[in-house]
Structures are given as structure tokens and as C-alpha cells.
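Below is one structure; the comments refer to it alone.
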Number of protein chains: 2
Amino acid sequence: MVLSKIPRDRNLTYGLVESLGQLIVTGEFDAKAFPTEGELSRQHGTSRSVTREAVKMLTAKGLLQARPRQGTSVTPETQWNLLDPDVLRWLLERKFSLRLLAEFTEMRLAIEPAAARLAARRADPEAIAHIRDGLRRMIAAGAGDEEPVTADIAFHTAILAATGNRFYAQLDPLINTALRISIRFTNRIKGRAAGIAGHDEVLDAIAAGDAERAGLAMHALISDALQLIEAAAENPGAAGARRSRRAG
Amino acid sequence: MVLSKIPRDRNLTYGLVESLGQLIVTGEFDAKAFPTEGELSRQHGTSRSVTREAVKMLTAKGLLQARPRQGTSVTPETQWNLLDPDVLRWLLERKFSLRLLAEFTEMRLAIEPAAARLAARRADPEAIAHIRDGLRRMIAAGAGDEEPVTADIAFHTAILAATGNRFYAQLDPLINTALRISIRFTNRIKGRAAGIAGHDEVLDAIAAGDAERAGLAMHALISDALQLIEAAAENPGAAGARRSRRAG
DNA sequence: TTGAGAATAATAATCATATAATATATGGCT
DNA sequence: AGCCATATATTATATGATTATTATTCTCAA
């Protein structure tokens with residue numbers, strides 16, 4: 001089946017949503033007012049239809065609000081829908097902060113152990129095979145750049161899917177985005193071996209149907225990650241925070 | 001301060017988003033294909049601008065996707081952003097199912113005890129006052145129709161706010177919607193007194209800074225609710241499921 | 001018959017322009 | 001000063017035209 005890909009860049013509207021989304025979360029409009037439709041159109045070389053549709057999409061994600069005569073404005077940050085995959089992605093990629101990553105990981109610390117417990121109670125053989133496959137890929141992956149990360153993410157999202165709960169499954173794209181960034185820290189500091197051992201323990205408990213052990217193992221995994229992030233947040237010069245080396 | 005109200009109904013676009021959102025989640029377009037721009041406009045008596053902008057907002061929430069020549073279509077349910085307050089509201093209000101409510105409550109069972117633990121560790125006096133105020137209102141509320149529910153919700157969202165974690169705070173509108181429906185079950189079956197005692201225990205633990213006790217108390221609270229919902233799901237004729245009496 | 005490539009057609013995407021609705025600002029009047 | 005009418009700026013809505021994309025159909029050669 002062809003996975004009808006969303007043409008994020010071949011499409012003026014979606015392109016504008018991306019640009020504006022990134023500008024908004026980076027605080028570009030904190031000082032100056034958000035432009036009017038006309039100005040936006042001129043600045044980005046798009047027609048008013050395209051501009052309006054982009055603004056509407058950002059409104060749907062809680063980032064903007066518009067009223068006649070009053071103009072369009074960026075909503076207070078508390079109203080942004082952080083649980084929208086795009087919004088979280090813009091924040092983590094364009095306005096990275098250890099604080100935000102820590103807060104997200106703190107939420108994972110509540111969600112994923114519970115997901116592991118549910119998976120242990122409910123996962124069918126096929127779901128367990130998916131989890132196992134993620135771990136297998138983690139082990140097989142050498143020191144490559146992409147595959148270890150992708151495999152780790154696959155492991156975690158397979159567990160979310162195995163809960164049989166749509167709300168847990170829904171966290172997939174969020175955890176996907178956050179993990180892709182988070183793993184840069186955890187892997188650099190603690191060796192891969194330790195990480196794999198922890199993941200193996202989770203899988204083993206789920207496969208054995210031992211909910212308590214699965215939850216504890218997952219909790220340990222994420223608790224480790226959270227501690228690394230918080231340590232880095234308090235000590236910005238240290239190892240984990242040096243991300244720029246590979247960035248270019 | 002004037003809380004610039006969003007004009008959901010005085011606005012053709014937002015009105016159309018509401019209508020279409022409800023139609024989509026209720027499965028109106030499962031059989032027939034989703035209409036084209038032109039048809040939608042004709043059917044709802046709106047211009048193409050309005051129609052397109054509404055479709056774009058629903059696209060931003062993951063409910064629709066559009067491609068030239070192929071038309072607009074409802075996305076598979078797994079891609080809907082259930083964590084968008086509007087989407088969850090449409091589902092719970094227009095396509096209520098005990099199954100979905102149970103799944104959401106299952107997620108609350110992971111989130112809210114963790115939130116209570118964080119609140120116990122971090123809440124400042126002001127935040128605790130807000131929580132206490134919610135409980136006070138719960139007690140003060142008679143057998144009225146709205147206030148007991150509103151007060152209960154205020155109690156829970158005050159705890160989310162007290163975590164100091166933006167992602168927990170973000171769950172406010174979701175839990176708001178779900179609780180408004182959920183409470184209809186729990187209150188009808190178990191007496192209010194028991195509920196208040198449980199809430200009081202949570203507040204007491206948070207105020208005392210006892211994270212473990214706060215988490216356990218909150219867990220007990222939600223676990224009770226979940227059991228009621230699951231019981232009702234398996235036994236549709238029983239008390240809790242009879243909601244229609246008061247509906248009109 | 002089959003496969004590749006070209007022509008067709010349906011649909012969303014984009015642009016342009018005009019009018020309406022609405023909230024703010026302005027200025028005059030009491 | 002306070003109130004009311006008027007002007008003004010901005011989004012909201014409507015409409016028509018053009019373009020881009022792509023699924024489908026058709027043609028023709030191997």
C-alpha cells in the first residue's frame with residue numbers, strides 16, 4: 001500500500017504553516033505584533049487565501065487567534081496545544097530547552113511504565129514480536145547514526161501500541177519526536193550496553209506477562225534518562241549538553 | 001481583563017468546523033465518500049473560502065486529508081489527534097462509548113497519581129489554596145446540577161496546574177471534557193460522601209508534602225471511577241448507563 | 001495480450017478582487 | 001468628563017478564474 005505522504009513542502013500552505021509555526025514558538029513575535037493578513041502575504045509572497053488557511057491551521061493548534069479589526073495575535077503559551085505533534089516538534093527542534101525536554105520526560109515517566117504494565121497484561125504474540133523486533137534492531141545496529149535511534153523509538157512505540165489503548169497509542173508521534181532528541185543525551189553518556197540491558201528487562205517482563213516487573217523496568221529506564229537530562233540542565237557545560245559538534 | 005471569547009457560533013468557519021467534526025467522528029462518511037469542496041459548500045451554504053478554511057482546520061487536527069484529483073477524505077481513526085480538546089469533545093459528546101471513556105480513564109490512572117505526587121513535592125501555598133478551594137466548593141455544592149461537577153473538575157485541574165509541568169497542565173481541557181461526562185456515572189452510583197472523603201485524602205497528602213500518599217490516594221480515586229465505567233460497559237442495562245433520563 | 005507512454009479529466013491549490021461584519025479610534029456634542 | 005455618531009482598520013465572507021497535481025483512460029507499439 002502506498003502510504004499517501006503529506007506534501008508538507010510541495011504545498012505553499014503547509015510550507016507557510018511550518019515557517020510561521022517555527023517563528024511563533026521561537027518567540028519571533030514576542031516584541032512586535034503579529035502581522036496582518038496583508039503584511040503576511042506580502043512578506044511571504046503568498047496570496048491571502050494561502051495565508052488565511054495557514055493562519056487557520058495554526059489557530060486550530062492553539063497558537064494563534066484572530067478577530068476582525070483587532071488583528072491576529074499569538075496566544076499565551078499556556079494555550080498552545082503542546083500535545084500536537086507539530087507544536088512539540090517545533091518547540092524541541094527550533095527552541096530546544098532542557099527544561100522542556102525534562103518536563104516531557106517527566107510525563108513519559110508516568111505514561112510509559114503504565115503502558116508497559118498494560119502491555120504485559122494484554123499484548124498478543126504479534127504485538128510482543130514487534131517489541132522484540134525493536135530490541136533486536138537496537139542490538140544489531142552498529143554505531144551508525146540513524147538506525148540505533150530509530151530502533152529504540154520503534155521499541156517504545158511498539159509498547160504503546162501493545163496497550164490496546166488508543167490514547168497511549170496516540171503518544172507515538174510525540175514520543176517519536178522527543179526521543180529522537182532525547183537519545184542524543186542518554187547514548188552519549190552511558191554506554192549502549194547498559195541501555196540495551198534495561199530494554200531487554202522490559203521486554204522479558206512483558207513477554208512473561210509480569211506487569212509489575214515490566215512497569216518497574218520501564219520506570220528505571222526513563223528515570224535514568226530524566227536524571228541525565230536534569231543533570232545536564234543544571235550543569236550546561238558538561239558532556240550531554242554539547243550537541244553542536246555533530247549538528248552541522 | 002476581558003477574556004476575549006472565541007466566537008464559535010457567530011462565525012461561519014468555526015460553525016462549519018463544529019458540524020463537520022461531529023459528522024466525521026460519528027462515522028457519517030464511513031460509507032459514502034467525503035464530499036468535494038464544491039459539494040460541501042453547496043450542502044452547507046458556505047462559500048468556498050469558508051469551506052476550505054474549515055477543512056484546513058480539521059486537517060490540522062488530523063481528521064481530514066486532501067489531495068488534488070483524489071479529493072478530501074477522512075483519515076483512518078488511528079491518525080486522529082485524540083489529544084486535541086475538540087476532537088475528544090466531539091467523540092465523547094457525539095459518539096459516546098463506555099469503551100472510549102474507559103480508555104481515557106485508564107490514561108488518567110497513569111497521569112493523575114503522578115501529578116498528585118509532583119504537586120505534593122512542588123505545590124506552593126497558592127497552588128494548594130486552589131486545590132483546597134475546589135474541594136471546599138465540592139462540599140458546599142448542594143445537589144445542584146452544575147456546581148458539583150464544576151467544583152470536582154476544578155479540584156483535579158488545580159492539581160495538574162500545581163505540578164509546574166506544562167504537559168500535565170495541558171491536559172486540563174481534556175480532563176475537563178471527560179470528567180464532565182464521567183462524573184455522571186460515578187456520582188449516580190456511589191454517594192457523594194465517599195467521593196469527598198477520597199478527595200480530602202488527596203488534598204491532605206499534598207498539603208503535607210507526602211508524595212507517596214498523595215499518589216496512592218489519587219490512584220484509588222480514579223481506580224474507583226474506572227471500575228465503575230468498566231462495570232457499566234459489561235452490563236449496559238445497569239444504573240450508570242441510564243443517562244438519557246436527564247438528557248433532555 | 002501487454003506494457004509504456006500520451007492524452008484526458010477531476011479535484012484541490014492558488015490567485016485576485018470585491019463586499020460585509022466588527023471592533024477600535026476619533027472627534028464633536030452635551 | 002462622559003456619551004454618541006462617525007470614520008477606519010482588520011478579519012470574515014463571497015465569487016470567479018487560473019494553475020498544479022494526479023488518477024484514469026486511451027493509444028499504439030512490441
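Here is the naming used below: chain letters follow the sequence lines, and residue numbers restart at 1 for every chain.
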Considering only heavy side-chain atoms of Q70(B), the closest of dA23(D), dT11(D), dG16(D) is dA23(D)

Q.
Looking at E106(A) and R122(B), is there a salt bridge between them, counting it only when a charged N and a carboxylate O are closer than 4.0 Å?
A. yes

Heavy-atom check, side chain of F34(A) versus side chain of L40(A), under 4.5 Å: yes

Report yes if at least one side-chain N or O of T13(B) is closer than 4.0 Å to OP1 or OP2 of dT13(D); otherwise report no.
yes

Closest non-hydrogen contact found for I206(B) with A123(B) is CG2-CB, 4.5 Å

### Message
With a 4.0 Å limit, can you tell me whether S47(A) has a side-chain N or O closer than that to the phosphate oxygens OP1/OP2 of dC15(C)?
### Response
yes

Point to revise | Carboxylate-amine/guanidinium proximity below 4.0 Å for E93(A) and R180(A) | key: no

In whole angstroms, the gap separating P of dT10(D) from CG of L40(A) amounts to 12 Å

N11(A) has its side chain closest, among dT13(D), dT14(C), dA23(C), to dT14(C)

Per atom distances to the T36(B) side chain, the nearest of dT14(C), dT10(D), dA12(C) is dA12(C)

Against the side chain of A66(B), the closest entry in dA14(D), dA12(C), dT14(C) is dA12(C)

Considering only heavy side-chain atoms of P68(A), the closest of dA18(C), dA21(C), dC15(C) is dA21(C)

R48(B) atom CZ is separated from dT17(C) atom P, nearest whole Å, by 16 Å

note: Y14(B), atom OH; dT11(D), atom P; distance rounded to Å ~ 12 Å

Counting only side-chain nitrogens and oxygens, does K56(A) get under 4.0 Å of the OP1 or OP2 atom of dT11(D)?
no

Rounded to the nearest 0.5 angstrom, the CD1-NZ distance for I24(A) and K95(A) is 12.5 Å

- Looking at T72(A), does any N or O in its side chain come under 4.0 Å of the phosphate oxygens OP1/OP2 on dT10(D)? no

note: F34(B), atom CZ; dT11(C), atom P; distance rounded to Å ~ 14 Å

When rounded to whole Å, the CD to C1' distance for the pair E53(A) and dA12(C) reads 10 Å

Separation of dT11(C) atom C1' from Q65(B) atom CD, nearest Å, is 15 Å

Nearest-nucleotide check on DNA chain C, G38(B) vs S49(B); residue mapping nearer the 5' end is G38(B)

Side-chain atoms of R69(B) come closest, of dT13(D), dG16(D), dA10(C), to dA10(C)

| message | Is there, by distance only and without an angle test, a donor paired with an acceptor across the side chain of R67(A) and the base of dT10(D) below 3.5 Å? | response | no

From the candidates dT14(C), dT11(D), dA20(D), the one with an atom nearest any side-chain atom of E37(A) is dT11(D)

R42(B) CZ to dT15(D) P, in whole Å, measures 13 Å

The salt bridge (Lys or Arg N to Asp or Glu O under 4.0 Å) partner of E37(B) among K56(B), R42(B), R52(B) is R52(B)

Between CZ of R52(A) and C1' of dT11(D) the distance, given in whole Å, is 6 Å

